[in-house]
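Every chain is numbered from 1, with letters handed out A, B, ... down the list of sequences.
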There are 2 protein chains.
Amino acid sequence: MAESSRRLRPEPRYGTRPTMKDVAARAGVGLKTVSRVVNGEPGVTPDTERRVQEAIEALGFRRNDSARVLRKGRTASIGLVIEDLADPFYGPLNRAVEEVARAHGALLINGSSAEDPEREQELVLALCARRVDGLIVVPAGHDHRYLEPEIKAGVATVFVDRPAGRIEADAVLSDSFGGSRAGTAHLVAHGHRRIGFIGDQSTIHTAAERLRGYRAAMADAGLVIEPGWISLGTTDPDRVRESVATMLDAPNPVTAIFAGNNRVTVTAVRVLAGRSRSVALVGFDDIELADLLDPGVTVVAQDAATLGRTAAERLFQRLDGAADAPSRVVLPTRLITRGSGELAPAY
Amino acid sequence: MAESSRRLRPEPRYGTRPTMKDVAARAGVGLKTVSRVVNGEPGVTPDTERRVQEAIEALGFRRNDSARVLRKGRTASIGLVIEDLADPFYGPLNRAVEEVARAHGALLINGSSAEDPEREQELVLALCARRVDGLIVVPAGHDHRYLEPEIKAGVATVFVDRPAGRIEADAVLSDSFGGSRAGTAHLVAHGHRRIGFIGDQSTIHTAAERLRGYRAAMADAGLVIEPGWISLGTTDPDRVRESVATMLDAPNPVTAIFAGNNRVTVTAVRVLAGRSRSVALVGFDDIELADLLDPGVTVVAQDAATLGRTAAERLFQRLDGAADAPSRVVLPTRLITRGSGELAPAY
DNA sequence: TAGGCCCTGGACAACGTTGTCAGGTGAATG
DNA sequence: CATTCACCTGACAACGTTGTCCAGGGCCTA
């Protein structure tokens with residue numbers, strides 16, 4: 001029995017990594033001297049340093065940052081939780097965060113919440129257990145009180161794209177409401193009176209804000225939204241396809257559609273391309289090649305990279321000691337007209 | 001002096017995190033008992049467990065994984081180094097790797113090499129210092145001997161998209177050569193004799209393979225490639241624009257273009273859209289909305305998600321002890337015809 | 001009732017690094 | 001020549017966790 005438990009002892013898969021102790025032994029110096037050389041601390045004779053460097057080279061020594069972290073308290077890594085690493089919208093955001101982290105000498109640990117609050121929490125807490133110095137989160141859930149002990153313990157946290165739920169925290173957002181209102185108003189300005197809105201689940205903050213923007217623009221224009229003009233729910237292509245069909249095949253069909261995000265826009269473009277009657281379209285989020293379609297797709301664009309960069313910079317301000325009250329930054333959106341949003345009502 | 005150095009002592013930013021010792025004190029039990037509860041080890045009375053759980057709750061304790069790693073040797077995290085987190089091609093790959101990692105209880109640390117060998121090495125070594133259990137790398141450089149000590153020390157490493165340079169290691173690739181050959185042959189089959197190739201720097205393995213595929217298909221068809229038909233170098237839109245223009249405005253212009261990757265394809269589509277004469281186009285890598293353009297863009301598609309999943313699965317096989325010789329998996333590509341590749345030569 | 005066994009809980013060392021501090025050597029100075 | 005001082009160097013503890021091992025107590029059995 002003792003034997004079998006001995007066999008279970010954590011055993012190196014291949015070779016064992018050399019430690020500073022090994023390097024010290026080989027170089028014939030003290031442990032601390034190796035540490036000094038590795039960290040470029042002053043107070044080491046060139047000759048000693050050379051001997052140590054040779055030993056490091058010969059043994060293939062690499063400092064164990066886990067031990068370092070344990071001793072120093074900081075990990076020089078930050079966590080990024082987004083909705084879906086594969087979504088093209090988040091690519092530039094991810095990259096922007098990485099660049100800022102890199103500039104601060106930090107590594108990036110990231111994961112997808114898949115729009116699942118439980119998975120978000122699980123991920124965030126795993127990151128906290130790794131003792132990331134800070135967190136950037138695109139929230140999936142609406143209750144982030146589970147983060148309170150972490151934040152109290154010093155984990156800087158910045159929310160991006162959507163605000164935190166039920167706690168005070170920094171947030172960097174796009175102006176979903178304003179952008180959506182402007183996009184809808186753009187359609188109104190081009191003569192549309194019957195405008196449909198297809199968005200994501202309204203539990204998602206940005207989706208709700210965009211819906212609110214649409215409603216505001218309609219109200220501004222004195223237009224009443226008829227039942228069936230608003231479709232919320234998944235961005236699943238089939239559902240969206242269905243929604244568009246319903247709006248267009250109604251006895252009194254819409255003449256324009258406002259699409260609530262990139263995925264909806266893509267599907268809407270596909271559906272509209274298969275129809276003869278011309279329907280105006282404005283989408284939230286820019287999409288690649290939108291300019292090459294016929295007509296080009298008019299969009300309300302947000303700058304994902306700036307979103308990420310701003311959030312990361314805020315995070316590092318916090319890590320550098322900024323202790324002011326949590327702030328909310330709202331970045332403007334930009335209406336890019338390309339044709340689809342300027343089509344006149346077909347009837 | 002002693003005072004100032006004392007002030008420099010690593011001081012917690014906010015509060016200090018409770019440790020198992022604190023929990024033990026509060027619960028009135030021993031340190032190891034807390035450890036047992038936290039790790040779900042057997043041998044703890046329900047009553048004791050409850051007391052410990054309460055203390056954990058009350059103090060907001062979260063296990064420090066750094067210390068755990070130090071003790072256990074494994075970090076349950078893997079590193080992923082890709083070329084550019086923002087490139088839509090890598091999004092699905094990234095996500096696929098994450099899913100596999102998640103299924104194995106591992107976190108993902110990732111970064112972009114930005115196609116810079118030095119940055120790749122820097123990143124990889126930083127990940128090794130963090131003692132990731134394994135690495136998945138889209139190599140930017142061509143000499144990975146710097147990884148030898150790491151691999152010897154047990155860091156499982158799988159290369160993806162491109163093979164490693166100067167070391168033996170697992171690799172998961174797409175069939176760039178075959179795909180490119182098939183794509184070019186497709187153009188030939190539609191009557192083209194004068195076909196241009198625009199690719200990335202030929203130091204990049206996939207780019208070189210694709211060029212080789214193009215050459216092979218041309219040779220298969222008994223066609224001689226004329227000077228000026230091949231453009232290699234950056235995927236910078238301006239350069240690509242220029243290359244396309246040169247090929248089309250030559251006295252004896254090409255009637256079709258094979259684009260070596262997604263970025264080149266996008267630019268080529270843009271340029272061709274601005275021209276009256278119809279030029280056939282086949283691109284390597286699928287691009288979003290390619291089906292909606294007029295004509296639809298014919299592409300040689302590779303499955304980035306499968307690439308990532310396969311690589312990650314191989315990695316975890318290694319981590320689970322697989323010790324067979326390094327393997328090279330080559331995934332097939334798929335020709336998707338949408339119109340642009342089926343255009344007849346215009347003259 | 002005594003003996004032995006199992007179950008629970010805790011003391012202790014170790015993981016690899018860094019901060020502290022003290023010792024030791026050589027040169028410069030009185 | 002003695003003394004100071006600057007500069008190197010190394011011993012040691014500590015970071016928070018887990019593996020090992022042992023002690024004590026309750027319970028069952030003979």
**Student:** Categorize A/Val29 for me: base, sugar-phosphate, or nothing, with a 4.0 angstrom heavy-atom threshold over every strand shown.
**Tutor:** sugar-phosphate
**Student:** Given the rule in the side chain to side chain donor-acceptor pair (under 3.5 Å) test, do B/Arg309 and B/Thr306 qualify, once you have shown the distances and angles that lead to the verdict?
**Tutor:** CA-CA 5 Å; B/Arg309 183 163 19 82; B/Thr306 302; 3.3 Å; yes
**Student:** Checking only heavy atoms, does the side chain of A/Arg71 share a donor-acceptor pair with the base of D/dG16 at less than 3.5 Å?
**Tutor:** no
**Student:** So does A/Ala305 get a backbone contact from the side chain of A/Arg95, meaning a donor-acceptor N/O pair under 3.5 Å?
**Tutor:** no
**Student:** Whole angstroms only, please: what is the NZ-P distance between A/Lys72 and D/dG16?
**Tutor:** 15 Å
**Student:** Do A/Arg50 and A/Gln53 get their side chains close enough for a donor-acceptor pair, meaning under 3.5 Å?
**Tutor:** no
**Student:** Nearest-Å distance, CD (B/Glu41) to P (D/dG19)?
**Tutor:** 6 Å
**Student:** Is the distance from OP1 or OP2 of D/dC8 to the nearest side-chain N or O of A/Thr45 less than 4.0 Å?
**Tutor:** no
**Student:** Respond yes when some side-chain nitrogen or oxygen of B/Arg68 is under 4.0 Å from OP1 or OP2 of D/dT18, and no when none is.
**Tutor:** yes
**Student:** Identify the residue among A/Val160, A/Asp170, A/Asn94 that makes a side-chain contact (heavy atoms from CB on, under 4.5 Å) with A/Ile136.
**Tutor:** A/Val160
**Student:** What nucleic acid atoms does B/Val69 come within less than 4.0 Å of, heavy atoms only: base, sugar-phosphate, or nothing?
**Tutor:** nothing
**Student:** Considering every strand and a 4.0 Å limit on heavy-atom distances, what is the contact class for B/Asn39: base, sugar-phosphate, or nothing?
**Tutor:** sugar-phosphate
**Student:** Rounded to whole Å, how long is the line connecting atom CG of B/Asp65 with atom C1' of D/dT17?
**Tutor:** 10 Å
**Student:** So, under a plain 3.5 Å distance rule, would you say the side chain of B/Arg36 forms a donor-acceptor pair with the base of C/dG9?
**Tutor:** yes
**Student:** Would you mind telling me which of C/dG10, C/dG19, D/dT18 lies closest to the side-chain atoms of B/Leu31?
**Tutor:** D/dT18
**Student:** Got a donor-acceptor contact below 3.5 angstrom from the A/Arg162 side chain to the A/Pro139 backbone?
**Tutor:** yes
**Student:** Check whether any side-chain nitrogen or oxygen of B/Arg131 sits under 4.0 Å from OP1 or OP2 of C/dG16, and answer yes or no.
**Tutor:** no
**Student:** Is there a donor N/O on one and an acceptor N/O on the other, under 3.5 Å, for the side chain of A/Lys32 and the base of C/dG19?
**Tutor:** yes
**Student:** Could you tell me the separation between the CZ atom of A/Arg130 and the P atom of D/dC15, rounded to a whole number of Å?
**Tutor:** 23 Å
**Student:** If I take atom CE in residue B/Met20 and atom C1' in nucleotide D/dA14, what distance separates them, rounded to the nearest angstrom?
**Tutor:** 18 Å
**Student:** Figure out the CG/P separation between A/Leu59 and C/dG16, and round it to whole Å.
**Tutor:** 14 Å
**Student:** Just how far, in rounded Å, is P of C/dT17 from CG of A/Asn64?
**Tutor:** 6 Å
**Student:** Mind checking B/Thr19 for me? I need base, sugar-phosphate or nothing, with any heavy atom below 4.0 Å counting as a touch.
**Tutor:** sugar-phosphate
**Student:** Need one value for B/Val44: base, sugar-phosphate or nothing, where a base atom within 4.0 Å counts as base even if backbone is also close, heavy atoms only.
**Tutor:** sugar-phosphate
**Student:** Using a cut-off of less than 4.0 Å, is there contact between a side-chain N or O of A/Thr48 and OP1 or OP2 of D/dT9?
**Tutor:** yes
**Student:** What do you reckon, is CD of A/Glu168 surrounded by more than 12 foreign heavy atoms closer than 6.0 Å?
**Tutor:** no
**Student:** For A/Arg17 and C/dT17, what is the distance between atoms CZ and P respectively, to the nearest whole Å?
**Tutor:** 10 Å
**Student:** If you assign B/Ala67 and B/Thr33 each to the DNA chain C nucleotide with the nearest heavy atom, which residue ends up on the more 5' nucleotide?
**Tutor:** B/Thr33
